[in-house]
Amino acid sequence: MSRHEVMFEYMKTYPNISNLFSFDFAEAKNNSSAFRVIDEETTRRDIVGNEETTYTFSIAEYKNYTTEPYSSENIENLEEIDDFIEWVREQNRLKILPDFGDGFLVDEIRAMRSGSGIAYVDPSGRIAQYQFTVKVKYTRSY
Amino acid sequence: MAISGYTATDFGGSSTPTGQKFDRKLLLTFVNVAAFGTNYSSTPTWELIGSGVEDSSIEYNISKEKVTDILGVTESQVTAIEPTQSFSPMTVKKGSKLHFKLTDILERNAKSELSLFEVMVVRAHIEETDSTDTVYHAEKHTGCTISPESEGGSAYIDMPISIDFSNAKTLGTVASLTSPTFTALSTPESTGD
């Protein structure tokens with residue numbers, strides 16, 4: 001499997017992932033979500049030829065939102081972001097990390113608080129796009 | 001491929017373009033981690049040193065004496081070459097036999113064992129070829145000292161080290177850079193004064 005496929009399958013193990021989880025594109029309707037690769041950047045090389053790379057992706061999730069005052073719906077949406085970030089943190093702590101295959105060693109996975117939140121609002125459909133950004137640091141050996 | 005002596009007259013191979021630079025990963029330092037201890041084996045196991053280390057150089061520490069004569073001519077003499085090499089941060093990882101050995105020595109305070117290491121330097125940017133095989137220049141030092149500089153760090157356990165090469169060396173070649181086997185030159189070249 002490619003690294004994208006591995007991450008896609010890994011994210012499907014998140015207990016609260018939407019049942020309408022898809023790769024790259026998703027319908028803008030409540031509880032659909034999409035996995036998107038943002039970047040894959042080699043940050044350093046060591047003297048024996050290993051490369052440390054950061055793989056960045058986002059989960060875009062579409063949720064109904066409301067402009068009703070005192071409504072708990074929007075707060076619940078943000079709490080879902082917190083729950084996701086906490087799940088990633090726990091996976092990292094327990095070293096339950098994605099497996100990119102021979103020659104690759106995943107060092108850590110982190111959900112970024114910065115870059116996670118409301119990314120887009122469609123007022124006509126009362127749909128908001130929430131985004132979670134995740135970075136996976138891995139070492140590739142040659 | 002056993003060779004009698006070095007015959008290379010330039011870096012790289014016959015197909016290497018003139019002026020091409022060589023990646024740092026072609027200068028390799030290995031430590032024999034099977035040389036002594038409870039898992040002693042007469043067959044060397046060469047562990048590559050430097051994973052996670054972004055910069056490391058063999059420092060030659062050349063000592064010189066200079067004399068200026070009455071004609072104003074300065075004559076220099078090299079009196080010693082004492083190579084050393086440091087590696088940092090050297091994060092401790094499962095599977096690192098060298099780190100495990102150093103930790104064992106530190107736990108037992110067996111400081112004399114720090115000077116019993118065999119270290120091999122491979123210059124993979126210098127090739128020797130015959131009609132079928134390519135091998136790379138290598139030199140094996142016995143009785144080297146490997147000093148753990150510290151143990152700890154911030155996010156992970158680091159154990160930076162420094163190697164003092166003994167200069168009690170044998171020249172030879174290796175054919176593989178991933179699982180090297182050192183083959184000494186059949187006609188040893190002079191390695192001393």
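Computed from heavy atoms alone, side chains included, the values below leave out hydrogens, waters and symmetry copies. Every chain is numbered from 1 and lettered A, B, ... according to where its sequence line falls, protein lines coming before strand lines.
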For the [atom1] atom on [X], are there more than 12 heavy atoms of other groups (residues, nucleotides or ligands in this structure) within a distance under 6.0 Å?
X        : atom1 : value
B:Ile157 : CD1   : no
A:Glu90  : CD    : yes
A:Phe104 : CZ    : yes
B:Arg24  : CZ    : yes

Grab the two heavy atoms, one from [X] and one from [Y], that are nearest each other, plus how far apart they are.
X       : Y       : answer
B:Ile49 : A:Ile47 : O-CD1, 4.3 Å
A:Arg44 : B:Glu54 : NH1-OE2, 3.0 Å
A:Asn50 : B:Ser51 : ND2-OG, 3.3 Å

- Partners of B:Thr18 by side chain to side chain donor-acceptor pair (under 3.5 Å), sequence neighbours excluded? none
- Message: Rounded to the nearest 0.5 Å, what separates atom CZ in B:Phe87 from atom CG in A:Asp46?
- Response: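 With rounding to 0.5 Å, CZ (B:Phe87) is 11.0 Å from CG (A:Asp46).
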- Could you tell me the separation between the CG atom of B:Asp55 and the CZ atom of A:Arg45, rounded to the nearest 0.5 Å? 14.5 Å
- Item | Part of A:Glu108 lying under 4.5 Å from any heavy atom of chain B | side chain
